[in-house]
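Report on the structure given below.
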Amino acid sequence: MSQSAVDVPPKGGFSFDLCKRNDMLIQKGLKAPSFLKTGTTIVGLIFKDGVILGADTRATEGPIVADKNCEKIHYMAPNIYCCGAGTAADTEAVTDMVSSQLRLHRYQTGRDSRVITGLTLLKKHLFSYQGHVSAALVLGGVDITGPHLHTIYPHGSTDTLPFATMGSGSLAAMSVFEAKYKEGLTRDEGIKLVAEAICSGIFNDLGSGSNVDICVITKGNKEYLRNYMEPNPRTYVSSKGYSFSKKTEVLLTKITPLMERVEITEVGEAMEE
Amino acid sequence: MTKQHANWSPYDNNGGTCVAIAGSDYCVIAADTRMSTGYSILSRDYSKIHKLADKAVLSSSGFQADVKALQKVLKSRHLIYQHQHNKQMSCPAMAQLLSNTLYFKRFFPYYAFNVLGGLDAEGKGCVFTYDAVGSYEKVGYSAQGSGSTLIMPFLDNQLKSPSPLLLPAQDSITPLSEAEAVDLVKTVFASATERDIYTGDKLEIMILKADGIKTELIDLRKD
């Protein structure tokens, strides 16, 4: 039995053991497996009573749309939600993991989770993987110390901001925020602005599209507005429809039993206890 | 010592999809109107369909700068032909000219994926499909561009082209009516727009018949 090829480093973190072999394979012409990226527009803003998060719903695999209506606003705690851009598997895994860690922490402390706790857990994890976990996040929530909004980059750096955008559509969305954001927005004004920013990403960025998801978090309350706006209905549906001729023929129907009933005869002594 | 690779490419892909279907007395050529680069949109209203002669219309996706250059060459060669022969070029003649023009630049190709549609001498529809260096084939229908892999299997299923290897040689022209072919094209583009990020905005459909050319413009998803 050969020795195990991958050794887990003693203190956790990324194991670089296979990197040389991967490089050699790529040089020899092997195509690395493609990642499902969410090529996204995600935004967050702080308004008078709390935080509003927004996201589009398109997941892309290169130039193809893999999921027309995926969920990019992830649950972290009853009062904290996180939008994720980048590799879909990475954002899902990292938000699920930290969500579990926060819950265990709540049981241990007997208190509601704070946004900075989630922030520190996420940034420590992402930094230890040196940017290989491709997750760019917008973390927002309302805790005992008030409303908070943070951005987290794949390498582990964070920013604390009154309004933030991430993803391939972040420039399109940020242009809307920079033009129209002001402090002390009401709930309806905030939702309208977030929807406008996401729509700007949806229509001007090819990596974003389909519908707008919104999450409003205030003190003691949260509202997850899935598919708040659906500005992209299918443009043409043929009235007569299309049929597909059955090209498969059944050539033979035969059932072959693979295993025959086996007779078990007791031979030898009973097993020792 | 590993080969040094260029850090600059002369090509860019502006995306888009082109489709053409040949009928018994018509030819439908369609293309979306979105021009893009990377993840950005350059234009929502850029026509990829160009009339080369009365009976020959070219639709090209790929690198639009190369497409423009290719059209200039074809237009001037067509003008020379008209001076020399006192008539317009027929569609099969234009098809051969396009193939030769593309192969002329075999070692620095035009990054253009072409579909040529038109009417032949008898007035029947004909479609020619090309690769980037001029290999071409007369077919009953074709799709090229970023959405072609999404569209071709569906056209294959609905238009059931007979194998070109069969004897006696069978016509690949579809028996569908003009309205049915246009409906098929609209459905196919609406579907491709759902799943291909480079296809969308508007659909331009050009219908060639013996008495003239009709153009239709349909809205597609803009996201």
Side-chain angles (χ1 to χ4, degrees), chain A residues 23-24 26-29 37-41 56-70 85 167-173 175 198-212 229-248, chain B residues 2-3 5 13-17 30 32 34-42 44 145-150 153-160 176-177 179-203 205 216-223:
Chain A
D23 274 332
M24 185 268 290
I26 289 175
Q27 297 242 339
K28 289 238 163 106
K37 300 198 75 171
T38 52
T40 298
T41 308
D56 74 304
T57 62
R58 171 183 281 182
T60 53
E61 208 170 276
I64 302 292
V65 176
D67 191 345
K68 292 190 273 188
N69 207 189
C70 70
S168 58
S170 61
L171 272 67
S175 63
I198 298 289
C199 279
S200 171
I202 286 175
F203 291 112
N204 299 108
D205 174 40
L206 297 176
S208 314
S210 296
N211 314 122
V212 181
M229 248 174 96
E230 292 182 353
N232 288 296
R234 201 190 158 93
T235 45
Y236 183 78
V237 181
S238 170
S239 46
K240 72 174 171 84
Y242 287 93
S243 64
F244 299 91
S245 58
K246 236 163 52 128
K247 282 278 170 94
T248 54
Chain B
T2 49
K3 190 174 173 183
H5 281 115
N13 191 349
N14 299 121
T17 309
D32 69 319
R34 173 177 282 176
M35 184 160 143
S36 49
T37 177
Y39 274 127
S40 303
I41 298 180
L42 292 171
R44 294 194 195 269
S146 57
S148 63
T149 48
L150 298 166
F154 185 70
L155 291 181
D156 283 337
N157 178 280
Q158 295 294 313
L159 298 175
K160 284 194 262 256
L176 287 182
S177 73
E180 285 175 318
V182 170
D183 185 79
L184 182 60
V185 159
K186 289 180 189 173
T187 305
V188 132
F189 266 93
S191 307
T193 306
E194 297 273 321
R195 291 290 176 175
D196 178 30
I197 61 177
Y198 296 119
T199 304
D201 290 328
K202 285 201 208 51
L203 169 63
I205 308 179
E216 245 186 282
L217 210 54
I218 318 284
D219 269 349
L220 293 173
R221 268 174 76 142
K222 299 190 183 330
D223 65 351

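Bear in mind that the values here come from a model prediction, so they are computed numbers and not experimental data. Chain naming here is simple, since letters A, B, ... match the order of the sequence lines and numbering starts at 1 in each.
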Query raised in the report: Between the side chain of Arg195(B) and the main-chain N/O of Val65(A), is any donor-acceptor distance below 3.5 Å?
Result: yes

Requested in this report: Check the surroundings of atom NZ in Lys28(A): do more than 12 heavy atoms from other residues, nucleotides or ligands lie under 6.0 Å from it?
Outcome: no

Report summary line: Across all chains, not counting sequence neighbours, the salt bridge (charged side-chain N to carboxylate O under 4.0 Å, His left out) partners of Glu230(A) are none

Query raised in the report: Under 3.5 Å, side chain of Asp223(B) to main-chain N/O of Ser210(A), donor-acceptor pair present?
Result: yes

Query raised in the report: Highest number of heavy-atom pairs under 4.5 Å with chain B: which of Gly201(A), Ser238(A), Cys199(A), Gly209(A)?
Result: Ser238(A)

Report task. Answer with side chain, backbone, both or neither: which region of Thr199(B) has an atom nearer than 4.5 Å to a non-hydrogen atom of chain A? Result -> neither

Requested in this report: For each of Asn232(A), Ile64(A), Val237(A), tally heavy-atom pairs with chain B at distances under 4.5 Å, and name the one with the top tally.
Outcome: Asn232(A)

Query raised in the report: By side-chain hydrogen bond (donor to acceptor under 3.5 Å, both in side chains), which residues pair with Gln158(B), not counting sequence neighbours?
Result: none

**Report entry** Residue Asp196(B) versus chain A: region with a heavy atom under 4.5 Å
**Finding:** both

Query raised in the report: About how many Å separate OH of Tyr236(A) and CG of Leu220(B), when rounded to the nearest 0.5 Å?
Result: 12.0 Å

**Report entry** Which atoms of Pro231(A) approach chain B - backbone, side chain, both or neither, heavy atom under 4.5 Å
**Finding:** neither

Query raised in the report: So how far is it from Arg234(A) CZ to Glu194(B) CD, rounded to the nearest 0.5 Å?
Result: 5.0 Å

Report summary line: Output for pair (Ser36(B) OG, Asp205(A) CG), nearest 0.5 Å, gives 11.0 Å

Query raised in the report: Short question: side chain of Tyr242(A), backbone of Leu184(B) - any donor-acceptor pair under 3.5 Å?
Result: yes

Report task. Please round to the nearest 0.5 Å and tell me the distance separating atom OH of Tyr39(B) and atom CG of Leu171(A). Result -> 14.0 Å

Report task. Answer with yes or no whether the side chains of Thr235(A) and Asp219(B) bring together a donor and an acceptor at under 3.5 Å. Result -> no

**Report entry** Part of Ser40(B) within contact of chain A (heavy atom distance under 4.5 Å)
**Finding:** backbone

Query raised in the report: Under a 4.5 Å heavy-atom cut-off, does chain A meet the side chain of Phe189(B), its backbone, both or neither?
Result: neither

